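A short write-up of the structure that comes next.
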Amino acid sequence: MRLDKYISHATGMSRQQVHKAVRSGEVTVNGNTVRKTDTQLAENDNVQLDGVTVVPRQPRYFMLHKPAGYVCANTDGNHPVVLDLLDEDWLDDLQIAGRLDIDTTGLVLLTDDGQWNHRMTAPARECGKRYRVTLQYPLSDDAAEQLRHGVLLREERKLTRPAVLAFVDCERTTVLLTVHEGKYHQVKRMFAAVGNHVQALHRESIGHIVLDAALAPGDYRPLTAAEIAGGQHA
Ligand code: URA
């Protein structure tokens, strides 16, 4: 990473403030004064500002109970965004791991650890995501079997990956569906492919990370160390 970016990110100083400090000789890298703001840093370089080591900020990991009506994006011209629900600094650094539609509720993960986000969402090893799905029509055994096996979504050439499906109620209009992929409107399109319609969609878990029942819609909390580590192996 560039020196000026590193210091600015770690300290909250503006780039201009950092440039001034670097040019006036207040910054050392491994004990040597540097005056070039675009100096590239290596992994274990020790950066000091006025003789004090600059420690990078620790990555953050949050779970949020997304309410309906919020967009999973950093900004949106028309609707509130999930970041509006977080009372944190550096909101622009947070990435959303696995987006939900505006009308979908439930578990959303946010982090500024890009590698962790990638591990959670990379298509090759995508974590299982469990949804509670409320349907317009009772789901037949035949349709359930098709969904478990894989269905062809509109404008796709390959079947969806095998999914886990369990009935929740005897009316057969509420089911739990676990999928291992995240195509656009994945779940809604899967049920449309078997002639049904999703009326409400709620994400309960991503890999090992389960939405905390103590979180009301709109609430969030940091992930525990076990959730962060478990999420990597889910
Ligand atoms: N599948 C959908 O169709 N919508 C979501 O929000 C998540 C998964």
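Whatever order the structure lists ligands and atoms in, that order sets their numbers, starting from 1. Quantities reported herein were computed from a predicted structural model and do not represent experimental measurements.
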Donor-acceptor pair, distance only, cut-off 3.5 Å: does the side chain of Tyr6 make one with the backbone of Val54?
yes
Could you check if a side-chain atom of Lys188 sits within less than 4.5 angstrom of a side-chain atom of Asp101, using non-hydrogen atoms only?
yes
Which of the ligand 1 atoms, numbered from 1, are nearer than 4.0 Å to a heavy atom of Thr104:
4 (N), 5 (C), 6 (O)
Compare Val187, Val198, Ile102 and give the one whose heavy atom is closest to atom 1 (N) of ligand 1.
Val187
Below 4.0 Å, non-hydrogen atoms only: which portion of Asp101 touches ligand 1? Side chain, backbone, both or neither.
both
Provide the number and element of each atom of ligand 1 under 4.0 Å from a heavy atom of Tyr131.
7 (C), 8 (C)
Side chains of Asp169 and Thr173: donor-acceptor distance under 3.5 Å anywhere?
yes
Distance-only polar pair, side chains of Ser24 and Glu26, donor-acceptor under 3.5 Å
yes
May I ask you to list the atoms of ligand 1 that are less than 4.0 angstrom from any heavy atom of His185?
1 (N), 2 (C), 3 (O)
Sole residue of Asp113, Thr224, Asp112, Thr111 in side chain to side chain donor-acceptor pair (under 3.5 Å) with Tyr61
Asp113
Taking only heavy atoms of Leu100 into account, list the atoms of ligand 1 that are under 4.0 Å away from them.
6 (O), 7 (C)
